[in-house]
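Heavy-atom basis, side chains included; hydrogens, waters and symmetry copies ignored. Given the structure is predicted, the values throughout are model-derived calculations rather than measurements.
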Amino acid sequence: MASSPPPPRPRYASARRGLTGLTLAGAAALVAGLLGPASASADDAFVSDADTSSNVTHVTNVPKTESMSDFNSDLAFTGDYAIGGNYNGFVVYDISEPEDPQVVSEVLCPGGQGDVSVSGDLLYFSVDYPRAGTECGAASVPTTDPEGFEGIRIFDISDKANPQYVAAVPTDCGSHTNTLVPGKDGEHEYVYVSSYSPSERFPNCQPPHDKISIIEVPVDDPASAELVDAPVLFPDGGNTGTSGCHDITVYPTKDIAAGACMGDGILMDISDPAAPVVTEVVRDTNFAFWHSATFTNNGETVTFTDELGGGGAATCSEAIGPERGANAIYAIGDDALEFQSYYKIDRHQTATENCVAHNGSLIPVPGQDFFVQSWYQGGVSVIDFNDPENPREIGHFDRDPIDDDRLVLGGSWSAYYYNGYVYSSDISRGLDVLKLDDPRLRAAERVRMDEFNPQSQPEYRPGRGEGR
């Protein structure tokens with residue numbers, strides 16, 4: 001075995017181009033590699049292998065199947081289902097019984113990262129490694145191939161056991177992540193596509209690439225989805241290293257968005273979702289890679305994350321310190337973002353555990369600010385940041401290293417609160433389900449959502465008992 005971990009493909013630019021993924025043998029005429037349900041045996045009672053705080057229970061784990069043996073990535077939720085992205089495609093889980101999730105279907109559709117968003121019966125799926133065509137069985141091709149496809153694939157998931165391919169829209173530099181933005185007219189919705197790593201050698205990903213791509217989707221005719229704009233966010237050039245955005249979180253009810261754009265953090269006005277306008281830009285010398293963002297429910301504060309080391313490094317250590325590879329919390333002022341504090345887990349991890357701030361979501365306690373967040377092999381952290389100048393951990397879920405002797409990429413890619421439970425997508429070990437038992441968080445159990453895309457942030461209203 002190698003003496004060092006493989007390149008962390010989820011993030012490093014040098015690794016995102018031209019890798020060979022699995023292909024579906026004989027699938028040139030197929031549009032989706034649909035596989036049958038598969039789930040772990042329920043004969044034995046679940047026994048957790050994690051260390052947890054007293055207010056967190058690890059209720060179950062759904063291991064990855066052989067077909068989804070590549071990295072697990074992000075999650076989205078619709079009704080009683082969770083959709084899990086994977087570098088090989090995506091998985092539909094039935095979570096109607098959260099302590100006993102079942103795999104309903106798997107779609108083998110390689111293309112890198114596999115970021116997901118859901119809207120009604122539609123699934124938007126990111127393709128970040130070039131393929132020979134738009135169909136799921138298309139072979140991998142070099143990034144230097146001008147005919148290679150990268151961008152967004154659209155699926156109809158009205159039948160969760162039998163998702164159907166609908167359309168594909170190519171975008172420059174592919175789609176590393178995607179963000180759903182509802183339209184104002186009820187007839188269209190939009191997908192903001194974030195991508196990066198341009199090169200003069202890549203015909204479909206030319207520098208400077210200081211932009212995002214916007215796809216417009218007619219709700220009644222998703223097969224007609226098309227690219228309508230590619231606005232330049234940094235007309236004067238971004239900070240050193242900025243060549244696009246990594247991820248964007250929108251807050252549609254407040255017409256705002258936060259972009260994590262590699263070397264810059266930005267706020268945008270999305271009152272016209274087809275034409276976002278940058279209103280604020282912020283930089284931080286402690287940040288290596290602006291990765292993602294989350295607003296508080298009142299929209300007065302935003303938390304950005306720094307993915308120091310690209311997700312593949314052991315940065316949760318005393319040597320790295322508490323201000324790098326951390327969250328940075330900002331108050332949203334009238335004309336500036338005002339820094340409040342950093343937050344980083346103080347549970348120091350070993351040198352063989354990749355660990356850094358990653359994806360999370362609000363825990364919807366009305367009038368309060370609580371957050372659940374993934375930290376790769378640092379596990380999952382439950383955070384109280386009601387005082388944005390003094391955030392603190394109030395709960396955790398943390399496994400032992402995957403390997404005690406060498407650094408192996410793994411751990412929680414994303415952890416989100418949805419309808420009473422926390423769902424964590426572990427890169428190598430499958431889907432984990434956590435239950436929080438804390439009086440400070442109990443009110444969140446009354447907030448019910450019919451759909452949840454963490455990067456399309458819903459508003460929850462005190463006393464209404466539901467997310468919007």
Side-chain angles (χ1 to χ4, degrees), residues 5-6 8-11 38-40 46-53 56-77 82-93 95 98-103 106 112-116 291-292 305 307 310-316 345 347 349-350 352-361 372-382 395-404 406-418 421-436 454:
R9 287 184 289 169
R11 293 296 178 263
S39 58
F46 174 73
V47 178
S48 175
D49 60 352
D51 172 70
T52 63
S53 56
V56 176
T57 301
H58 185 197
V59 297
T60 197
N61 168 270
V62 182
K64 295 199 302 184
T65 64
E66 183 177 352
S67 58
M68 294 295 149
S69 59
D70 213 327
F71 299 149
N72 273 349
S73 58
D74 217 349
L75 295 167
F77 303 86
I83 314 296
N86 182 281
Y87 275 54
N88 277 352
F90 64 91
V91 183
V92 180
Y93 300 93
I95 56 171
E99 300 192 12
D100 186 25
Q102 299 295 315
V103 174
E106 297 176 303
Q113 183 120 344
D115 203 42
V116 289
H291 176 273
S292 55
T305 67
E307 196 184 46
T315 75
C316 296
I345 59 173
R347 293 175 286 106
Q349 306 295 303
T350 70
T352 67
E353 292 176 285
N354 59 302
C355 176
V356 74
H358 216 236
N359 295 353
S361 72
V372 60
Q373 184 178 11
S374 64
W375 291 78
Y376 286 111
Q377 286 198 68
V380 175
S381 180
V382 183
H396 72 268
F397 161 83
D398 191 356
R399 284 190 170 105
D400 288 338
I402 295 173
D403 192 307
D404 289 325
R406 67 186 188 101
L407 200 159
V408 177
L409 185 67
S412 179
W413 177 295
S414 53
Y416 302 128
Y417 187 96
Y418 181 69
Y421 289 80
V422 172
Y423 296 87
S424 168
S425 176
D426 190 288
I427 291 172
S428 60
R429 290 175 283 202
L431 180 72
D432 289 302
V433 184
L434 313 177
K435 182 68 173 175
L436 308 181

Hits for side-chain contact (heavy atoms from CB on, under 4.5 Å) against Ser73, two or more places apart or cross-chain, chain-then-number order -> Trp413
Q.
Checking Phe46 against Glu99 for the side-chain contact (heavy atoms from CB on, under 4.5 Å) test, could you report, in this order, the C-alpha distance in whole Å, the side-chain angles of both residues, the deciding distance, and whether it holds?
A. CA-CA 10 Å; Phe46 174 73; Glu99 300 192 12; over 6 Å; no
CG of Asn86 to CZ of Phe71, rounded to nearest 0.5 Å, is 10.0 Å
With sequence neighbours left out, the residues meeting side-chain contact (heavy atoms from CB on, under 4.5 Å) with Ala314 are Leu407
Those residues at least two apart in sequence (or on a different chain) that pass ring-ring contact (aromatic ring centres under 6.0 Å, His included) with His396 are none
From the list Ser381, Ser361, Ser412, side chain to side chain contact (heavy atoms under 4.5 Å, CB included) with Ser374 holds only for Ser412
Residue set satisfying side-chain contact (heavy atoms from CB on, under 4.5 Å) with Ser292, at least two apart, ordered chain then number -> Asp247, Thr305, Asn359
In this structure, CG of Asp115 is separated from CG of Leu75 (nearest 0.5 Å) by 10.0 Å
Between Tyr423 and Ser425, does the side-chain contact (heavy atoms from CB on, under 4.5 Å) criterion hold? Intermediate values first, please. CA-CA 7 Å; Tyr423 296 87; Ser425 176; over 6 Å; no
Do Thr352 and Asp403 pair up side chain to side chain, a donor and an acceptor below 3.5 Å, judged on atom types alone? no
By salt bridge (charged side-chain N to carboxylate O under 4.0 Å, His left out), Arg399 pairs with (sequence neighbours left out) Asp49, Asp426, Asp432
Between the NZ atom in Lys64 and the OG atom in Ser69, the distance rounded to the nearest 0.5 Å is 6.5 Å
Applying side-chain contact (heavy atoms from CB on, under 4.5 Å), run through Phe397 and Val372 and close with a yes or a no.
CA-CA 11 Å; Phe397 161 83; Val372 60; over 6 Å; no
**Q.** Derivation and outcome, side-chain contact (heavy atoms from CB on, under 4.5 Å), residues Val382 and Ser53
**A.** CA-CA 10 Å; Val382 183; Ser53 56; over 6 Å; no
d(Gln349 CD, Tyr376 OH) to nearest 0.5 Å is 14.0 Å
One should read off an interatomic distance between Leu431 CG and Asn61 CG, to the nearest 0.5 angstrom, of 7.5 Å
Rounded to the nearest 0.5 angstrom, the CD-NE2 distance for Glu307 and His358 is 4.0 Å
By ring-ring contact (aromatic ring centres under 6.0 Å, His included), Tyr418 pairs with (sequence neighbours left out) Phe77
